[in-house]
Protein chains: 2
Amino acid sequence: MPRAPTTTDAFNAIAEPRRRDIIDLLASAGPSPVGDLVQILKLPQPAVSKHLGVLRDVGIVAVQRKGRHRVYELNAKTLKPIHDWVSAYERFWMHQLNRIKLRAEQSPKGKV
Amino acid sequence: MPRAPTTTDAFNAIAEPRRRDIIDLLASAGPSPVGDLVQILKLPQPAVSKHLGVLRDVGIVAVQRKGRHRVYELNAKTLKPIHDWVSAYERFWMHQLNRIKLRAEQSPKGKV
DNA sequence: ACAGCATATTCCCATGCTGGAATACGTCAA
DNA sequence: TTGACGTATTCCAGCATGGGAATATGCTGT
């Protein structure tokens, strides 16, 4: 089977750098219509719409119709699984001291 | 252009659930030879080797030859960019109180 | 040298992607 | 209505994927 669709989950959705850009932008600018994103990201409008479609499918963003505009809003809690997963590894780069701890915790199975 | 190769960066590499499984396993069991991973993950050996190849290209794991075995070790600091990126959104789901803060910080540009 | 184990690589396939261009859709103003 | 705007969808292309099967490589003991 081929690579999983980008709409499978948040992990797949955020693999695309442009989609992370969109997320970052929505986080800093707040809910925005598509046109604003197009202007700031300097991407073709269809490209932005398609990326938004993926993010929408995964639930990372939500839409609201406002006249002929569509206002996209970030729904960041869908990113929590990613944070949860990667946070387990934070200790690996936090302090040098942790190296000692890690050796003890991991203790390659050969140990008695 | 098609989707970026999985070897492009850590974001693309970890989109595959099996590769996250391998990372998790290396983290908890410590450096391990391929055979151990194959046995525990119950995946065909070539599949594991291929996934390890991707992780190796991105730098998430490192290999060490030990006789006829190859011992793979986690190099978790390559996951830091992911942690850094997603941590910016932690506040969105931490405390309910943050909702108030967030509204103030984001203040959709229309505001005076 | 040889057999056997541990691992990597190659080949094939069906699928789904991203970008670009063109086009369709829905809404507002006159 | 009609036209114009904002946005979404469709069609096309090239391409890398992950799985399976088969095979190649490398090391070890005898």
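- Here the straight-line distance linking atom CG of A:Leu79 with atom CZ of B:Phe92 works out to 9.0 Å at 0.5 Å rounding.
- You can see that DNA chain D meets the heavy atoms of chain B within a 4.0 Å-exclusive cut from D:dG14 to D:dT28, reading 5' to 3'.
- The distance from the OG atom of A:Ser87 to the CD1 atom of A:Ile82 is 11.0 Å, given to the nearest 0.5 Å.
- A rotation axis mapping the C1' atoms of four pairs onto the next four is fitted at both ends of the helix from C:dA1-D:dT30 to C:dC17-D:dG14 over five pairs, and the angle between these axes is 40° to 10 degrees.
- Remark: B:Arg20 CZ to A:Trp85 CH2 distance equals 6.5 Å, nearest 0.5 Å.
- Cluster membership check: B:Val71 does not share its hydrophobic cluster with B:Ile23, using side-chain heavy-atom separations under 4.5 Å among Ile, Leu, Val, Met, Phe, Trp and Tyr.
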CA sep, side-chain torsions, deciding dist, call: B:Lys77, B:Asn75, side-chain contact (heavy atoms from CB on, under 4.5 Å):
CA-CA 6 Å; B:Lys77 69 186 170 206; B:Asn75 183 18; 3.5 Å; yes
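- Remark on DNA chain D: of its neighbouring residues B:Arg70 and A:Val71, the 5'-side contact belongs to A:Val71, judged by nearest-heavy-atom nucleotide.
- To the nearest 0.5 angstrom, A:His83 atom NE2 is 7.0 Å from A:Glu90 atom CD.
- A heavy-atom distance below 4.0 Å to DNA chain C is reached by none of the residues of residues 59-67 of chain B.
- Listed by residue number, B:Glu16, B:Arg18, B:Arg19 are the residues of residues 13-24 of chain B with a heavy-atom contact under 4.0 Å to DNA chain D.
- By the side chain to side chain contact (heavy atoms under 4.5 Å, CB included) test, A:Leu43 pairs with A:Arg18, A:Leu41, A:Val48, sequence neighbours left out.
- In this structure, CG on A:Leu25 lies 8.5 Å from CG on A:Asp36, to the nearest 0.5 angstrom.
- A:Ser28 places no side-chain N or O within 3.5 Å of a backbone atom of A:Leu26 that could act as its donor or acceptor partner.
- Note: A:Ile14 CD1 to A:Arg19 CZ = 10.0 Å, rounded to the nearest 0.5 Å.
- For DNA chain D, the residues of residues 2-10 of chain A within the heavy-atom distance limit of 4.0 Å (strictly under) are A:Pro2, A:Arg3, sorted by number.
- Each of A:Val54 and B:Val34 was assigned the nucleotide of DNA chain C with the nearest heavy atom; the assignment lying further toward the 5' end belongs to B:Val34.
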Mind listing the side-chain donor-acceptor pairs of residues 2-11 of chain A below 3.5 Å, one per line with the distance, residues two or more places apart or on another chain?
from: A:Arg3; atom 1: NH1; to: B:Ala4; atom 2: O; distance (Å): 3.3
from: A:Arg3; atom 1: NH2; to: B:Ala4; atom 2: O; distance (Å): 2.9
from: A:Thr8; atom 1: OG1; to: A:Pro5; atom 2: O; distance (Å): 2.6
from: A:Asp9; atom 1: OD1; to: A:Phe11; atom 2: N; distance (Å): 3.2
from: A:Asp9; atom 1: OD1; to: A:Asn12; atom 2: N; distance (Å): 2.9
from: A:Asp9; atom 1: OD1; to: A:Asn12; atom 2: ND2; distance (Å): 2.9

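- Heavy-atom nearest nucleotides on DNA chain C were determined for B:Arg56 and for A:Met1, and the one closer to the 5' end corresponds to B:Arg56.
- Of all the heavy atoms in B:Ala29 and B:Ser32, the pair that sits closest is CB-OG, 4.1 Å.
- In 5' to 3' order, the nucleotides of DNA chain C bounding all contacts with chain B (an atom under 4.0 Å from a heavy atom) are C:dG4 to C:dG19.
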Distance-only donor-acceptor pairs under 3.5 Å for side chains of residues 54-66 of chain A, two or more places apart:
from: A:Arg56; atom 1: NH2; to: A:Tyr72; atom 2: OH; distance (Å): 3.3

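- Residue contacts for B:Pro46: at a heavy-atom cut-off of 4.0 Å it reaches a base atom on one of the strands shown.
- Residues satisfying the side chain to side chain contact (heavy atoms under 4.5 Å, CB included) criterion with B:Pro46, sequence neighbours excluded, are B:Pro44.
- Looking at residues two or more places apart in sequence or on another chain, you find a side chain to side chain contact (heavy atoms under 4.5 Å, CB included) between A:Gln45 and A:Val38, A:Ser49.
- B:Lys80 meets the side chain to side chain contact (heavy atoms under 4.5 Å, CB included) test with A:Trp93, B:Asp84; sequence neighbours excluded.
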